[in-house]
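A quick note: this is a predicted structure, and the numbers were derived from the prediction, not measured.
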2 protein chains.
Amino acid sequence: MKPPSASAVTIELNAVLVALTANEPQVLTLDDGALLPSGPFESEHPTLQTGVRAWVERQTHHPLGYVEQLYTFADRNRAHEHGRRVVSISYLGLTRERLSRGARDPEWRNWYRYFPWEDWRRGPPPLIVGEILPRLRKWSDAAGDMAVKRERRQRIDVNFGDGKEQWNEELVLQRYELLYEAGLVLEAGAPARPVPSPLPGMPMRHDHRRILATGIARLRAKIKYRPVVFELMPETFTLLQLQRAIEALAGRPLHKQNFRRLIDQQGLVEETGEISSQTGGRPAKLYRFRREIVLERAVGGSKLPLTRPT
Amino acid sequence: MKPPSASAVTIELNAVLVALTANEPQVLTLDDGALLPSGPFESEHPTLQTGVRAWVERQTHHPLGYVEQLYTFADRNRAHEHGRRVVSISYLGLTRERLSRGARDPEWRNWYRYFPWEDWRRGPPPLIVGEILPRLRKWSDAAGDMAVKRERRQRIDVNFGDGKEQWNEELVLQRYELLYEAGLVLEAGAPARPVPSPLPGMPMRHDHRRILATGIARLRAKIKYRPVVFELMPETFTLLQLQRAIEALAGRPLHKQNFRRLIDQQGLVEETGEISSQTGGRPAKLYRFRREIVLERAVGGSKLPLTRPT
DNA sequence: ATTATAATGCTCATATTAAGCATAATTAAT
DNA sequence: ATTAATTATGCTTAATATGAGCATTATAAT
């Protein structure tokens, strides 16, 4: 059962590189925001991850704090110039600050420019009730088959709710795919489909917007059970800064007092002893991340009704 | 920033194929348990996933219910016979029953034969206190550098606890890697390292045991927030059967009454109206999975102190 | 009948989460 | 100097969820 004669392919690495600037989530793009940075996997790299690190750091002159694999796919539609098949492996990277501008045109973009409906920090985006839901409903009603119609309605409901409540911020990719299927959003490289009046939100080339959606979704899920936010924070920070950072990523407002309680229960941070006074209000204590925390601590995450070992 | 001249590689697909037989978690293996089924990614397949489905179903003559990508890696150590680099993409697959035996030698194996320390269904495995912890401690004590020593101790503690409590069943891969680093377990293909007396637990060739660990870990995490167990269950089942299935996967005993409460709160199953009487006790109601449940229902999973939309 | 084995119903204590009131300490504006 | 606006921080209350276990019911096997 060995591979008999697998055909050769080339490997392309894509990166969703995230930073936070002024409480906004930023993603590194090229070509006027139309592409995610990509690089080849070269033979001198011992592993894929070192490959990503190498070319990202070469391009950006910044160390890449945290790197995590996102997804691998081989899309038949995308063929290499030499006719070889292309397999794309995408990574999520977190970095601490704006990177230095290179010679080319890499630019940080607010990720909500690509997904305006994902930002609920200032309440439900009017776009959803005003445009997305009506057009999705038209799409579901247009289904001939009753079963298909019901299924579409259910998907709309799960992913967008009523546009005012029950928002699950992790469903970034599912929502994007739903909008794509409903023809409200365009994606280059896909089988040509005319999209009459696409929703607000910048497109990207190839499937890069989809990869970005995957990265956002992963990060939104991860901040809930691993202290990855700190990769994006400065060395010291106030609790409100930390809250704003998480709000930026999750795209939702948090309850301030409860957020603080949570943070200090977790014991992830410690006071530096210093006090900020930049805040235009009562001065806040400064904190730092306790790096000595073991990241993989028994995060519990039970959800199963275990019995005691007896 | 296009890939200038990426070198060609071949793609190998690996599958961790899981089923449940008599309340034991089984994984499909080849070559007397030494390999996971693998197949090449061929050019006629539109996507990777269809590639996996195709050859698994061809080999096993069974439909593959659920498929999910696990991880992609390119290990420098593993080179294709033609000298080309090999990139492995692994998948987790769930299937409902034993598959029909093919002409070759595919066999279902209890996965705890590969990871005996992972089965806590009948309490803490004596192997941990009796052998693993002492040997790990010897390893951590052998570190020259104080910092390394502390770090090793901490990892041991997080991953194995005291061998009696605070067990986190999701850390399958981390534990395996720890044992590997400590030289208690052997892995073929890795830089030759003599392992004097490996722990009980079957090895596999290449890095297949590591891939299996990844699959188990993923499945153990997933059953907590997605109803994937039902892919492994017969059409109808009693609640105890369901409990035993989850216990088999999680490797831990569950509290019966609380398990039942949880299940019916979630509304994932419905009574069929029938009654089993095979159980040697009070007859149990039979249930079926409510397939119409939208799998991606707003699983909440909050952990963030949100505010109300106001 | 009696015993063993499961299935089920319920209760109680504790922990976690959601919401919000109240107070303190600053800066910016009158 | 007062007042208003902001932000930080302490605490309370209610609602839910979770962990343990007691008690009762319905069968099969002896």
Only counting residues at least two apart or in another chain, list the ones meeting salt bridge (charged side-chain N to carboxylate O under 4.0 Å, His left out) with [X].
{"X": "B:Arg113", "value": "none"}
{"X": "B:Arg137", "value": "none"}
{"X": "A:Asp157", "value": "none"}
{"X": "B:Arg109", "value": "B:Asp32, B:Glu107"}

Rounded distance (Å) that lies between atom [atom2] of [N] and atom [atom1] of [X]:
{"X": "B:Asp264", "N": "C:dT8", "atom1": "CG", "atom2": "P", "result": "11 Å"}
{"X": "A:Leu262", "N": "C:dA18", "atom1": "CG", "atom2": "C1'", "result": "12 Å"}
{"X": "A:Phe259", "N": "D:dT7", "atom1": "CZ", "atom2": "P", "result": "16 Å"}
{"X": "B:Arg260", "N": "D:dA17", "atom1": "CZ", "atom2": "C1'", "result": "20 Å"}
{"X": "A:Arg261", "N": "C:dA19", "atom1": "CZ", "atom2": "P", "result": "11 Å"}
{"X": "B:Gln257", "N": "C:dC10", "atom1": "CD", "atom2": "P", "result": "13 Å"}
{"X": "A:Lys285", "N": "D:dG10", "atom1": "NZ", "atom2": "C1'", "result": "10 Å"}
{"X": "A:Asn258", "N": "D:dC11", "atom1": "CG", "atom2": "C1'", "result": "11 Å"}

Could you check if a side-chain atom of B:Ile216 sits within less than 4.5 angstrom of a side-chain atom of B:Val16, using non-hydrogen atoms only? no
Could I get the full list of side-chain contact (heavy atoms from CB on, under 4.5 Å) partners for A:Ala245, not counting sequence neighbours? A:Leu20, A:Val229, A:Met233
Quick one: what's the B/S/- string for nucleotides 24-30 of chain C, heavy-atom cutoff under 4.0 Å, read 5' to 3'? BBB----
Any residue meeting side-chain hydrogen bond (donor to acceptor under 3.5 Å, both in side chains) with B:Arg153, in chain and number order, not counting sequence neighbours: B:Asp141
If you look only at pairs with a residue in residues 236-251 of chain B, which of them pass as a salt bridge (Lys or Arg N to Asp or Glu O under 4.0 Å), with sequence neighbours excluded? B:Arg244-B:Glu247
Once you apply a heavy-atom cut-off of 4.0 Å, does B:Leu240 come out as touching a base, just sugar-phosphate, or nothing? sugar-phosphate
5'-to-3' dot-bracket of DNA chain C (Watson-Crick, G-U; under 3.5 angstrom; crossing pairs as [ ]; | other strand): ||||||||||||||||||||||||||||||
Quick one: is A:Lys256 getting a side-chain N or O under 4.0 Å of the D:dA8 phosphate, OP1 or OP2? yes
Matching residue for A:Asn159 among A:Leu179, A:Leu136, A:Leu171 - test: side chain to side chain contact (heavy atoms under 4.5 Å, CB included): A:Leu171
